[in-house]
There are 2 protein chains.
Amino acid sequence: MVEFDPITEAHRQWSARWPEHADHMTAITSVMRVQQLLLARVEDVLKPHSLTFAAFEALRLLAFTRHGSLPMGKMGERLMVHPASVTNAIRKLESRGLVERRLSPDDRRVVLATITEGGRAVAAEATDALNQADFGLAGLTREQAAEVTVTLRLLRTTAGDV
Amino acid sequence: MVEFDPITEAHRQWSARWPEHADHMTAITSVMRVQQLLLARVEDVLKPHSLTFAAFEALRLLAFTRHGSLPMGKMGERLMVHPASVTNAIRKLESRGLVERRLSPDDRRVVLATITEGGRAVAAEATDALNQADFGLAGLTREQAAEVTVTLRLLRTTAGDV
DNA sequence: ATCTATAATTTTAATGTCCAAATATTGAGT
DNA sequence: ACTCAATATTTGGACATTAAAATTATAGAT
């Protein structure tokens with residue numbers, strides 16, 4: 001709890017000078033702040049499993065696939081992150097033996113990341129922990145959580161996503 | 001535009017296994033994605049002014065104050081970032097002559113960051129650029145932008161913010 | 001006066017993200 | 001076959017963020 005809300009204060013400052021832009025400024029600031037808060041919460045939950053959120057998402061994605069493997073590039077698309085970030089995340093998982101990398105037999109430019117048995121176990125435990133913690137959103141009902149998604153999808157749409 | 005939406009797909013996968021947690025998972029993922037998109041847009045607008053969003057916010061905050069200066073610690077509170085991040089941002093601004101640092105006469109533990117005339121000029125230009133670009137949210141009406149803020153405030157409240 | 005706990009800031013080290021450039025491989029056209 | 005543009009991934013560089021330790025200064029208690 002903060003004595004006063006910095007975001008409300010920023011909106012006040014902006015309204016006094018550029019009233020027609022204050023709402024957009026505040027929306028951005030809210031997104032940045034919420035992301036920061038939620039990421040911290042989620043990573044707290046994942047810490048005992050030695051996973052970052054990015055690593056968790058990569059592992060979870062592989063566990064979902066039919067054969068437990070996916071080309072690096074496809075992972076970047078699905079996770080919506082830069083290819084270099086995938087390289088980074090997979091390297092770390094590989095060093096822990098949770099994932100293996102091999103060249104695709106079909107196209108040797110392609111690197112297939114494959115989840116190991118150990119990786120599946122860690123993914124299952126971490127998933128359970130996050131679900132129990134409701135991803136740091138225990139304070140929201142399912143309806144409220146869905147509302148957040150809907151509102152942000154509107155924003156993603158105008159941003160060229162979706 | 002993506003052929004299919006990775007977030008919708010993730011929701012489908014989650015629903016098939018842990019239906020009671022799918023909405024919370026998707027809300028988190030949406031927040032992360034939107035933050036990434038908006039930060040990229042905002043930083044594109046700021047690039048010609050050689051400012052990152054973090055640096056812009058620090059400069060803007062100083063320009064708002066009565067005397068154009070604030071203790072480092074207070075800046076961290078207002079910007080809701082780690083003290084080390086403030087140190088980092090101010091160091092960079094100082095090296096460009098946009099901000100000066102001096103010890104507080106009242107308490108010599110305190111460092112006062114003070115915006116210079118040059119800093120005010122850059123802040124004004126960058127602010128104008130962001131306002132013109134509606135902070136990357138040109139696709140949203142003021143009402144829609146306000147709705148984003150309201151929805152996320154609900155989330156911030158349950159997360160102990162506000 | 002002196003000691004000690006508290007406070008403000010910086011430094012250091014570990015991570016994570018992105019971009020741009022480099023490397024390797026494929027595939028299409030001639 | 002041969003050339004060349006396109007594709008997949010990694011590497012190196014620039015930043016940002018955080019936690020934890022170190023530094024310096026203040027203020028309250030004895």
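Order of the sequence lines sets the chain letters (A, B, ...), proteins ahead of strands, with each chain counted from 1. Fair warning: this is a prediction, and the values are worked out from it, not measured in the lab.
- Whole-Å rounding puts the B:Q35 CD to D:dA16 P distance at 14 Å.
- Scanning for salt bridge (charged side-chain N to carboxylate O under 4.0 Å, His left out) contacts around A:K47 gives an empty result, with sequence neighbours left out.
- With sequence neighbours left out, the salt bridge (charged side-chain N to carboxylate O under 4.0 Å, His left out) criterion links A:R12 to A:E9.
- Put simply, CZ on B:R108 is 6 Å from P on D:dA25, counting in whole angstrom units.
- For A:F56, there are no ring pair (Phe, Tyr, Trp, His ring centres under 6.0 Å) partners two or more places apart in sequence or in a different chain.
- The stretch residues 148-159 of chain A participates, sequence neighbours left out, in these salt bridge (charged side-chain N to carboxylate O under 4.0 Å, His left out) pairs: A:R153-B:D5, A:R156-A:D161, A:R156-B:D5.
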Practice task
Tell me, with the steps shown, if A:V45 and A:Q132 meet side chain to side chain contact (heavy atoms under 4.5 Å, CB included).
Solution key: CA-CA 10 Å; A:V45 175; A:Q132 292 316 311; over 6 Å; no
Problem - Sequence-aligned protein contact record of nucleotides 6-11 of chain D, with B where the base is within under 4.0 Å of a protein heavy atom and S where only the sugar-phosphate is - result: -BSSBB
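- Under the rule for a salt bridge (charged side-chain N to carboxylate O under 4.0 Å, His left out), the partners of A:E94 that lie at least two apart in sequence or sit in another chain are A:R101.
- Applying the side-chain hydrogen bond (donor to acceptor under 3.5 Å, both in side chains) definition to pairs two or more places apart or across chains, those involving residues 59-68 of chain B are B:R60-B:T127.
- In this structure B:D107 satisfies the salt bridge (charged side-chain N to carboxylate O under 4.0 Å, His left out) test together with B:R109, sequence neighbours excluded.
- In this structure, the side-chain hydrogen bond (donor to acceptor under 3.5 Å, both in side chains) partners of A:E100, at least two apart in sequence or on a different chain, are A:R102.
- Contacts between chain B and DNA chain C, taken as any atom within less than 4.0 angstrom of a protein heavy atom, begin and end at C:dA7 to C:dC18.
- In the region residues 36-61 of chain A, proximity to DNA chain C at under 4.0 angstrom, judged on heavy atoms, holds for A:T52, A:A54.
- Every residue meeting the side-chain hydrogen bond (donor to acceptor under 3.5 Å, both in side chains) condition with B:N131, not counting sequence neighbours, appears here in chain and number order: A:W14.
- Phosphate contact (OP1/OP2 of D:dA16, side-chain N/O of B:S85, threshold under 4.0 Å): absent.
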